[in-house]
There are 2 protein chains.
Amino acid sequence: MGTQSGHPSARQRLLDAADELFYRNGIANTGVDDVLARAGVSVATLYAQFSSKDGLLQASLLRRLDTWQAYWDEAIRAADSDQERLLAVFDALKLYREGQHSARWCAFLSTAVEIYETDHPAVDLIAADTALLTRRLCSLSEPIAGAGADQLAAAILLIYNGTLASFLRGSPEDPIGQGREIATLAASAFPTRPGPHHSSQVP
Amino acid sequence: MGTQSGHPSARQRLLDAADELFYRNGIANTGVDDVLARAGVSVATLYAQFSSKDGLLQASLLRRLDTWQAYWDEAIRAADSDQERLLAVFDALKLYREGQHSARWCAFLSTAVEIYETDHPAVDLIAADTALLTRRLCSLSEPIAGAGADQLAAAILLIYNGTLASFLRGSPEDPIGQGREIATLAASAFPTRPGPHHSSQVP
DNA sequence: TCCTTGGTAGAACGATCGTTTTGGTAGAAC
DNA sequence: GTTCTACCAAAACGATCGTTCTACCAAGGA
């Protein structure tokens, strides 16, 4: 299974092309031929790797979820206080966008716009992204807000959603810096919980 | 020109149907036939009223912009302090959604997802919505934050975007109440500007 | 050498899309 | 009574969509 060849495999290029086109121009507006042209891959290869266009979308979202989680892991690890760990979600977003990853705003929310109340497998991945956010933010809020952790996590999630949507709107400027500032304000509104409770493990 | 007949005209029903389908299931995923079926209108009538599907979308967004502005006007009028007037954008959103207006999250941001870097006339309406928000929030922030009005307005806009995107994500719960609380916190972080400067006119 | 793997090019499929056209109907205006 | 307006039903248009199929090619391992 030597998939790490000199240049990216057809599968990788298909995922890259899907990443770039689906979440920038819309999924329904992106034809299979557009993906093929950008990836430089033939039709038969696409349907050999993925069973359908929806399968490609599903694989693309799955890869993005993994990648995003890894970035978030790293940002949490780099933080050096409870508050910094909670705010690390904004640092992770910054690093993610600085990477080569094409991201207009958010792949999952973008997909959620086009797929709604269907049995599409992508809805599970959107839910998984939201579950990851909720679970981690609650866990990271606990050392700060204690019993009010759920409330603080909800506030951070809304601000995080606002950062993403601000990229989509194009306003205000610097949504990450702006969001991080507001999140800092929200975190400081909760009573600081002192104590040696230092959960270093990533939730 | 007796358009105010007993039951809504075909044009109104087309706009209502477009409102309900475009921003819930996506524009590209909504066929013209779907709109026609829901409106109970024939194809010929649609193309007599609007030149194309894009024309219908344009008209729908224009109506939404007007309606939304009227709701916001009313909410600002009902507020009785500078801070309440700034936060009235959340009250307006609450009233708008409580009305019969179908709204999954935001028609303009939803359209922005599907239409990007094109010469589609809808992009101007999306920009108009953002311009309205920016202009008003800056104006309403001025009595509170003075020279820092632009900063406060940017924060409120990000939180407002977060409220909308939270509806799309389905989390956190009660995005309007949550957003309003965070916005209150952001407003109180600015030095209160006392003084008789009471601009009662809507910007 | 043979055969599998992973790929390409290109035509063709049925379905669906936005749009146009044809022909007809009910009611108000003059 | 005729004309005009607003509307409907249904067929048809070319284009594009996602998907499948046929045929061929190059490299690697046994």
Side-chain angles (χ1 to χ4, degrees), chain A residues 1-61 111 114-116 118-122, chain B residues 1-61 111 114-116 118-122:
Chain A
M1 302 169 186
T3 49
Q4 50 263 48
S5 57
H7 66 99
S9 66
R11 185 185 175 91
Q12 296 291 331
R13 277 177 294 153
L14 280 170
L15 287 172
D16 291 341
D19 260 29
E20 194 145 336
L21 296 177
F22 280 168
Y23 315 121
R24 192 182 64 195
N25 304 328
I27 299 164
N29 285 323
T30 300
V32 169
D33 288 349
D34 298 331
V35 179
L36 295 174
R38 171 166 279 268
V41 160
S42 69
V43 209
T45 304
L46 190 152
Y47 285 92
Q49 294 286 340
F50 313 95
S51 59
S52 62
K53 182 188 180 183
D54 285 344
L56 173 61
L57 172 63
Q58 195 180 357
S60 161
L61 288 176
T111 304
E114 299 198 59
I115 292 172
Y116 187 52
T118 65
D119 54 356
H120 198 289
Chain B
M1 309 171 184
T3 49
Q4 50 262 52
S5 57
H7 66 98
S9 67
R11 184 184 175 90
Q12 297 290 331
R13 278 177 296 153
L14 282 170
L15 287 172
D16 291 342
D19 261 28
E20 194 145 334
L21 296 177
F22 281 168
Y23 315 120
R24 193 183 63 194
N25 303 327
I27 300 163
N29 284 322
T30 301
V32 169
D33 288 349
D34 298 331
V35 178
L36 296 173
R38 171 167 278 268
V41 160
S42 70
V43 209
T45 304
L46 189 153
Y47 285 92
Q49 293 287 339
F50 313 95
S51 59
S52 62
K53 183 188 180 183
D54 285 344
L56 173 60
L57 172 63
Q58 196 180 357
S60 161
L61 288 176
T111 304
E114 300 199 59
I115 291 171
Y116 186 52
T118 64
D119 54 354
H120 198 289

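By convention in this document, chain letters (A, B, ...) are assigned in the order of the sequence lines, proteins followed by strands, and residues within each chain are numbered from 1. As the structure is a prediction and not an experimental result, all values here were calculated from the model.
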A:V41 near the nucleic acid: base, sugar-phosphate alone, or nothing, with a heavy-atom cut-off under 4.0 Å? sugar-phosphate
Hey, does A:G40 reach any base, or is it just sugar-phosphate, or nothing, if we go heavy atoms under 4.0 Å? sugar-phosphate
Opening and closing nucleotides of DNA chain C in contact with chain A, under 4.0 Å to non-hydrogen atoms: C:dG7 to C:dT8
Drop me the distance from [X]'s [atom1] to [Y]'s [atom2], to the nearest 0.5 angstrom.
| X | Y | atom1 | atom2 | answer |
| --- | --- | --- | --- | --- |
| A:I27 | A:T111 | CD1 | OG1 | 4.0 Å |
| B:L14 | B:L56 | CG | CG | 6.5 Å |
| A:T45 | A:F50 | OG1 | CZ | 10.5 Å |

Counting only Watson-Crick or G-U wobble pairs whose two distances fall under 3.5 Å, which nucleotide matches C:dC30? D:dG1
What is the base-pairing partner of C:dG7, counting Watson-Crick and G-U wobble geometry with both distances under 3.5 Å? D:dC24
Between B:S42 and B:L36 the two heavy atoms that sit nearest each other are O-CD2, 3.6 Å
Work out which heavy atom in B:A10 is nearest to a heavy atom in B:V41; give both atom names and the distance. CB-CG2, 3.9 Å
Between A:I115 and A:L57, does the side chain to side chain contact (heavy atoms under 4.5 Å, CB included) criterion hold? Intermediate values first, please. CA-CA 11 Å; A:I115 292 172; A:L57 172 63; 3.8 Å; yes
In this structure, how many angstroms lie between the [atom2] atom of [N] and the [atom1] atom of [X], rounded?
| X | N | atom1 | atom2 | result |
| --- | --- | --- | --- | --- |
| A:L46 | D:dC21 | CG | C1' | 16 Å |
| B:Q49 | D:dC8 | CD | P | 10 Å |
| B:Y47 | D:dC8 | OH | P | 15 Å |

Taking distance alone, no hydrogens or angles, what donor-acceptor pairs closer than 3.5 Å link side-chain atoms of residues 16-23 of chain B to residues at least two apart or in another chain?
| residue | atom | partner | partner atom | Å |
| --- | --- | --- | --- | --- |
| B:D16 | OD1 | B:R63 | NH1 | 3.1 |
| B:D16 | OD1 | B:R63 | NH2 | 2.9 |
| B:D19 | OD1 | B:S60 | OG | 2.6 |
| B:D19 | OD2 | B:R64 | NH1 | 3.0 |
| B:E20 | OE2 | B:R38 | NH1 | 3.0 |
| B:Y23 | OH | B:S60 | OG | 2.8 |

Residues from residues 17-35 of chain B sitting under 4.0 Å of DNA chain D, heavy atoms only? none
Heavy-atom donor-acceptor pair, A:E114 side chain to A:A28 backbone, under 3.5 Å: yes
B:S9 has its side chain closest, among D:dC7, D:dA10, D:dC21, to D:dC7
